[in-house]
A.B. asks: 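Pasting a structure here, questions to come.
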Amino acid sequence: MSKVTVRIPTALRSFVGGADEIGLEAETVGRVISVLADRHRGLIERVCDAEGRVRPFVNLFVDGKNIKTSGGLDTPLADGAVVSIVPAVAGGR
Amino acid sequence: MSEPSAKDRRLAELRARIPEIEPAEALKLQSAGAALIDVREADEIAQGSPPGALRLGRGFLELRVEEAVPDKNRTVVVTCAGGVRSLFAAESLASLGYRDVRSIRGGFNKWKNGGLPVEVPRTLTAQERERYGRHLLMPEVGEKGQLRLLDARVLLVGAGGLGSPVALYLAAAGVGTIGLIDFDVVDRSNLQRQIVHTDDRVGTPKVESARKTLLGLNPAIKVVAHETRLDSTNVESIFDGYHVVVDGSDNFATRYLVNDACVKLRIPNVHGSIFRFEGQVSVFWPAYAKRRGPCYRCVYPEPPPPELAPSCAEAGVLGVLPGVIGLLEAVETVKVILGIGDPLVGRLLHYDALPARISELTLDADPECRYCREGAVFPGYVDYDVFCSSAGQGP
């Protein structure tokens, strides 16, 4: 199992007790989602739809690379990988 | 017969070593690819100079020439007013390693009297030289870059948290025309972060308040106030003629509208957005010549449903945060105008203030994007309020 760090955006930290990062073990991005879904249901409901697809206003990155072009939820994770959850934000004023 | 002066001896020495050519031959060499360097001072050059000449005043010649002419094997022709200073300059260039350096006999005076082409380059005024002196010292900006900034037209969507620092620094940098679009009035609760406004302007239109501040900082620029709400019917008439649009709006409907218009008009869209302690910056510019990046829709095909996207008014924002994000937008804007460095096309900088972390994330264009894919016919503007309020409810 790879030890990975998941970065939680400000807007969703209330679902993980305010943490900005969570460490867990997972071999793929999809596995990160299911581990988080077991522990933090509210967080993953906002990241994925009922069918488990990443919502269109959220991007997931592994070590800075968008998973849209690196294998989607099957993107493999090496030991030490950083998974970033980045939702669209609109504020500016 | 008296002894020749030291100066005359030195000139004779230089003439023996530096080949002198007639202006007409210099023009021929320049057409064939030689670098023509005019070493006169700025006030002389303002009266006219050979077209296409590299204008490197004698004082900074050695410091700047390698930037302007990196190839030491390129033929270099040097000119001044009368053909004397250019001899000294030519010798100095030869000692820097330039292998074929020549000097124009009779200099620019002879060039001009011989009826050869002359251009009067646009130059900075003495006041502008003083104001932008720190820019002029950097070869990446210099006089040419400063003139580009002065000629640039930048539109800021929103004169609020992001718009304030962008507007202030672009005005200070000498961006010649700054457009501001905002329909709102200054509220006291804005002043925690919207630093272009002041307490005595509470209740006055933001575009007017911002205009006063910007002209106070730099009276020579032009500030165009668009006191209106941006929508599908006015977006093109407002955007038309601007070189860069800086998005500092506060809602998804405006962000999609700004994106669609920028894609259609091929204008770079410098994007910044903030939420509480974090912000995002990117440059959405599918038309960028050096790299194919995404548009906003490629990255976020749909906005979040309203219940998942609280605004700053609802969720709060650290007052300093729009300063950080807005200034990154301002830097990108200046880079785009000057054509220097590597803009954030296809990259997103994500700043999280609490852990003090900046991450660089890659963004890819969606080859199927209805708005920016190759050969796409613009699908038209939509009702952005409906598009954003119905998000998340399925097709």
Side-chain angles (χ1 to χ4, degrees), chain A residues 4-23 29 40-72 75 77 80-93, chain B residues 157-163 182 184 190 193-194 206 247-255 272-280 296 298-305 308-313 315 317 321-322 325-326 347-348 350 352-355 357 359-364 366 388 391-392:
Chain A
V4 305
T5 301
V6 184
R7 289 200 177 146
I8 310 297
T10 306
L12 301 181
R13 283 177 197 162
S14 61
F15 297 101
V16 294
D20 65 332
E21 288 185 349
I22 292 177
V29 176
H40 309 284
R41 187 88 227 140
L43 169 74
I44 290 309
E45 276 173 358
R46 279 153 184 83
V47 174
C48 295
D49 64 15
E51 282 79 51
R53 288 175 305 218
V54 179
R55 293 180 183 273
F57 52 86
V58 178
N59 283 284
L60 301 180
F61 299 85
V62 174
D63 295 329
K65 182 122 186 63
N66 200 324
I67 65 160
K68 280 180 189 168
T69 51
S70 65
T75 303
L77 299 175
V82 175
V83 180
S84 302
I85 302 172
V86 181
V89 296
R93 302 210 310 203
Chain B
V157 180
L162 293 170
D182 205 306
D184 213 354
N190 299 151
R193 63 201 176 281
Q194 301 184 13
K206 282 188 179 174
D247 188 354
S249 62
D250 65 347
N251 63 84
F252 283 105
T254 305
R255 292 189 180 278
S273 53
I274 51 176
F275 182 80
R276 289 190 168 167
F277 294 100
E278 75 179 57
Q280 304 180 9
Y296 186 66
C298 297
V299 179
Y300 299 117
E302 279 177 36
L308 292 187
S311 68
C312 292
V317 63
L321 184 76
I325 299 301
R347 298 185 290 147
L348 180 112
H350 179 271
D352 189 347
L354 288 180
R357 191 160 51 213
S359 319
E360 182 184 333
L361 307 167
T362 56
L363 303 176
D364 301 285
D366 174 0
C388 292

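Chain naming here is simple, since letters A, B, ... match the order of the sequence lines and numbering starts at 1 in each.
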A.B. asks: At a 4.5 Å cut-off on heavy atoms, which part of B/Asp184 comes close to chain A: side chain, backbone, both, or neither?
C.D. replies: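 For B/Asp184, side-chain heavy atoms alone lie under 4.5 Å from chain A.
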
A.B. asks: For B/Phe277 and A/Thr10, which heavy atoms make the closest approach, and how far apart are they?
C.D. replies: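 Minimum heavy-atom separation between B/Phe277 and A/Thr10: N-CG2, 4.3 Å.
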
A.B. asks: Out of B/Glu360, B/Arg357, B/Glu278, return the one with the most heavy atom pairs under 4.5 angstrom to chain A.
C.D. replies: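 Sorted descending by pairs with chain A, the first entry is B/Arg357.
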
A.B. asks: Among A/Asp20, A/Val86, A/Val89, which residue forms the greatest number of heavy-atom pairs with chain B at distances under 4.5 Å?
C.D. replies: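 Heavy-atom pairs under 4.5 Å are most numerous for A/Val89.
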
A.B. asks: On a heavy-atom basis, which atom in A/Leu12 and which in A/Arg46 lie closest, and how many Å separate them?
C.D. replies: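 Between these two residues, the closest heavy atoms are CD2-CD, 3.7 Å.
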
A.B. asks: By a 4.5 Å heavy-atom criterion (distance strictly below it), what part of A/Lys65 contacts chain B: side chain, backbone, both, or neither?
C.D. replies: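 Both the backbone and the side chain of A/Lys65 come within 4.5 Å of chain B.
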
A.B. asks: Just by distance, with hydrogens left out, do B/Asn251 and B/Thr254 show a side-chain donor and acceptor under 3.5 Å apart?
C.D. replies: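 Yes, a side-chain donor-acceptor pair sits under 3.5 Å.
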
A.B. asks: Is it the side chain or the backbone of B/Val157 that comes within 4.5 Å of chain A heavy atoms, both, or neither?
C.D. replies: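 Nothing of B/Val157, per the 4.5 Å heavy-atom cut-off to chain A.
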
A.B. asks: Between B/Cys388 and chain A, with a heavy-atom cut-off of 4.5 Å, which part of the residue counts as in contact: side chain, backbone, both or neither?
C.D. replies: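 Looking at B/Cys388, nothing touches chain A.
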
A.B. asks: Could you tell me which of B/Leu361, B/Asp366, B/Leu321 has the largest number of non-hydrogen atom pairs under 4.5 Å with chain A?
C.D. replies: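 If we count pairs closer than 4.5 Å to chain A, B/Leu361 comes out on top.
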
A.B. asks: So, taking the atom named OG in B/Ser273 and the one named CZ in B/Phe252, what distance separates them when rounded to the nearest 0.5 Å?
C.D. replies: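 Spacing of OG (B/Ser273) from CZ (B/Phe252) equals 7.5 Å.
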
A.B. asks: What part of B/Ser249 gets within 4.5 angstrom of chain A, counting heavy atoms only: side chain, backbone, both, or neither?
C.D. replies: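 For B/Ser249, backbone heavy atoms alone lie under 4.5 Å from chain A.
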
A.B. asks: Measure the CZ-CG distance between A/Arg13 and A/Leu43 for me, rounded to the nearest 0.5 Å.
C.D. replies: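 Interatomic distance, A/Arg13 CZ to A/Leu43 CG, rounded to 0.5 Å: 11.5 Å.
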
A.B. asks: Tell me the closest heavy-atom pair linking B/Tyr300 and A/Asn59, and the distance in Å.
C.D. replies: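 For B/Tyr300 versus A/Asn59, the nearest heavy atoms are CE2-ND2, 3.3 Å.
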
A.B. asks: Can you tell me which portion of B/Asp352 sits under 4.5 Å from chain A's heavy atoms? Options are side chain, backbone, both or neither.
C.D. replies: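 Only the side chain of B/Asp352 comes within 4.5 Å of chain A.
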
A.B. asks: Any idea which of B/Arg255, B/Gln194, B/Arg193 has the most non-hydrogen atom pairs under 4.5 angstrom with chain A?
C.D. replies: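 Counting heavy-atom pairs under 4.5 Å, the top option is B/Arg255.
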
A.B. asks: Assess whether side-chain contact (heavy atoms from CB on, under 4.5 Å) is satisfied between A/Ile22 and A/His40, documenting all intermediate values.
C.D. replies: CA-CA 11 Å; A/Ile22 292 177; A/His40 309 284; 3.9 Å; yes

A.B. asks: Just by distance, do the side chain of B/Arg276 and the backbone of B/Ala315 share a donor-acceptor pair under 3.5 Å?
C.D. replies: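 Answer holds: yes.
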
A.B. asks: So which part of B/Pro301 gets closer than 4.5 Å to some heavy atom of chain A, the side chain, the backbone, both or neither?
C.D. replies: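 B/Pro301 touches chain A through backbone and side-chain heavy atoms alike.
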
